[in-house]
Amino acid sequence: MEEGGSTSSAASDSSTSGSGGAQQRELERMAEVLVTGEQLRLRLHEEKVIKDRRHHLKTYPNCFVAKELIDWLIEHKEASDRETAIKLMQKLADRGIIHHVCDEHKEFKDVKLFYRFRKDDGTFPLDNEVKAFMRGQRLYEKLMSPENTLLQPREEEGVKYERTFMASEFLDWLVQEGEATTRKEAEQLCHRLMEHGIIQHVSNKHPFVDSNLLYQFRMNFRRRRRLMELLNEKSPSSQETHDSPFCLRKQSHDNRKSTSFMSVSPSKEIKIVSAVRRSSMSSCGSSGYFSSSPTLSSSPPVLCNPKSVLKRPVTSEELLTPGAPYARKTFTIVGDAVGWGFVVRGSKPCHIQAVDPSGPAAAAGMKVCQFVVSVNGLNVLHVDYRTVSNLILTGPRTIVMEVMEELEC
């Protein structure tokens, strides 16, 4: 009887472990699809494949034509043929990333039908998994900013790992940055990030513990994804190459200079187009002006208004000096189907470089030359515009921004 009970228990444990592993792989795959889909969405906005279209006297904002997109995928070598392109887009449709504008077709078809990314019309489902993923992405972007030094090469049990953070220091940072109100809340957040496969112990031996143990982000959110990866059913965590978004980064003499897993900003081809009213790009003459991310190309991007709108440089210290001629203002901006309608530039502090007169930001009262103090309660006076843009990109559709405006003499 005891043997039977023992066998049953062992089988149960094995089943639970297998189930947990399958769930983990599914979460990892979901995260990869989300990143891949978002990178594609940004590229399509950049190249104006996504735009407002009319049919039967009705305008459908921010959509693309299925047949034209398939042509684009083949032209840009994202798919070898039309059948493969359909399979790729169906993967995004199955995950709820894209949909037919009237939700009349569940299958992605190679015809002149309008489809849209759900992120462009506010219908993307924010379940617990997606919320955890977006929270992890926001933390990752903040940690990867040039000003942040929390991620460092460190050694544990005789093995050196790149881009690690110490658990206790990470908790301090989360509270300091306003990501959690208490240390206990910060630790609960870390447990959720581990459960969803976003962070893990460097050698995968320990759960998250408030200690000197080392942890890493399992995903490189900035790695350029190929659409063809969506058709690879192999779990990302089982890939052993250094290009794998889920491989642990051990430091070695051979790969120390390798950029295969370096976290990079998107290339010029896929510049982030968040925090702007994208339908107004055409009036600019160059989409680069509305990009909120830098490029890594050797030649600088062509911008239609590259010069700062500020008359002179202003420091954060100057803004905070008692009696300084600046007034604080707070705006609540609800993004519409095409963005928020403003451009952020500069560093320590960032400033408003441009405002779309017909966008939500202008309606809220935002003006050029205002200095950005906080975004959704997070102080950003000492970061650059890339960090601010990423905070907006990975945050909610409604943003609360505090700015400082020079008083007129």
Side-chain angles (χ1 to χ4, degrees), residues 13-36 38 95 126-144 148 150-157 159-223 234-240 242 244-251 261 263 390 394-395:
D13 290 343
S14 175
S15 174
T16 301
S17 175
S19 175
Q23 182 182 16
Q24 184 64 51
R25 287 191 295 273
E26 175 59 22
L27 288 173
E28 292 171 355
R29 185 138 196 84
M30 180 205 70
E32 278 298 293
V33 175
L34 287 174
V35 175
T36 305
E38 178 63 5
R95 294 281 182 171
L126 294 177
D127 55 23
N128 290 334
E129 285 76 18
V130 173
K131 287 180 180 178
F133 166 81
M134 294 180 70
R135 188 76 176 275
Q137 184 180 24
R138 187 175 78 227
L139 294 174
Y140 179 90
E141 294 293 352
K142 290 176 70 173
L143 289 169
M144 290 303 300
N148 198 296
L150 195 66
L151 300 183
Q152 295 287 341
R154 295 181 177 90
E155 183 176 322
E156 185 172 291
E157 295 183 352
V159 180
K160 288 185 177 179
Y161 297 91
E162 295 181 2
R163 214 173 290 120
T164 69
F165 58 87
M166 191 178 296
S168 57
E169 293 180 357
F170 189 51
L171 294 177
D172 292 336
W173 179 82
L174 288 171
V175 175
Q176 178 185 339
E177 290 293 310
E179 293 289 344
T181 55
T182 65
R183 198 175 185 80
K184 183 177 181 180
E185 183 181 321
E187 193 167 359
Q188 291 172 344
L189 170 60
C190 292
H191 287 308
R192 288 199 300 275
L193 294 177
M194 283 202 75
E195 289 170 3
H196 288 87
I198 296 170
I199 64 173
Q200 71 177 43
H201 178 249
V202 289
S203 60
N204 208 18
K205 293 180 179 178
H206 302 282
F208 190 88
V209 182
D210 185 358
S211 63
N212 292 336
L213 290 173
L214 302 182
Y215 296 82
Q216 291 174 317
F217 276 79
R218 298 188 68 186
M219 286 194 70
N220 181 349
F221 289 94
R222 295 180 177 180
R223 180 182 70 87
K234 188 177 180 182
S235 171
S237 59
S238 63
Q239 300 175 13
E240 297 300 330
H242 289 293
S244 166
F246 292 97
C247 103
L248 288 170
R249 282 85 71 199
K250 289 185 179 180
Q251 192 181 58
F261 202 94
S263 177
N390 283 318
T394 58

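Remember, predicted model here, so these are calculated numbers, not experimental data. Counting from 1, the numbers follow the sequence of the chain as shown.
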Worksheet entry | pair E187-H191: side-chain heavy atoms closer than 4.5 Å | yes

Practice prompt. Could you grab the distance from atom NZ of K160 to atom CG of L214, nearest 0.5 Å is fine?
Written response: 13.0 Å

Item to complete: Might you point out which heavy atoms bring C190 and L174 nearest each other, and give the distance in Å?
Response: SG-CD1, 3.8 Å

Item to complete: Please answer whether the main-chain N or O of Y215 pairs with a side-chain N or O of Y161 as donor and acceptor at a distance below 3.5 Å.
Response: no

Item to complete: Measure across A186 and V175 and return the closest heavy-atom pair with its distance rounded to 0.1 Å.
Response: CB-CG2, 4.2 Å

Discussion item. Which heavy atom of E179 sits nearest to which heavy atom of R135, and what is that distance?
Written reply: O-NH2, 2.6 Å

Worksheet item: Which distance, rounded to the nearest 0.5 Å, do you find between the CZ of F133 and the CG of L34?
Response: 5.0 Å

Discussion item. Measuring from atom NE2 of H196 to atom CE of M30, what distance do you get when rounded to the nearest 0.5 angstrom?
Written reply: 7.0 Å

Discussion item. The criterion is salt bridge (charged side-chain N to carboxylate O under 4.0 Å, His left out); which residues satisfy it with E169, sequence neighbours excluded?
Written reply: R154

Discussion item. If you compare all heavy atoms of T164 against all heavy atoms of P153, which two are closest, and at what distance to 0.1 Å?
Written reply: OG1-C, 4.5 Å

Item to complete: Find the distance between NZ (K184) and CG (L171) and round it off to the nearest 0.5 Å.
Response: 13.5 Å

Worksheet item: In terms of ring plane angle, is the pair F170 and F165 parallel, tilted or perpendicular, where the classes change at 30° and 60°?
Response: tilted

Worksheet item: Can you name the closest pair of heavy atoms from M166 and S211 and give their distance?
Response: CG-O, 3.8 Å

Practice prompt. Report the distance from atom CD of E177 to atom CG of L150, rounding to the nearest 0.5 Å.
Written response: 9.5 Å

Worksheet item: Of all heavy-atom pairs between F217 and G136, which one has the smallest distance, and what is that distance?
Response: CE2-O, 3.6 Å

Worksheet item: Does any N or O in the side chain of E156 come within less than 3.5 Å of the main-chain N or O of L213, such that one atom is a donor and the other an acceptor?
Response: no

Worksheet, complete the sentence: The residue among L189, I198, I199 that forms side chain to side chain contact (heavy atoms under 4.5 Å, CB included) with L139 is L189

Worksheet, complete the sentence: Rounding to 0.5 Å, atoms CD (Q188) and CZ (F208) come to a distance of 12.0 Å

Fill in: E141 side chain vs N390 backbone, donor-acceptor pair below 3.5 Å
no

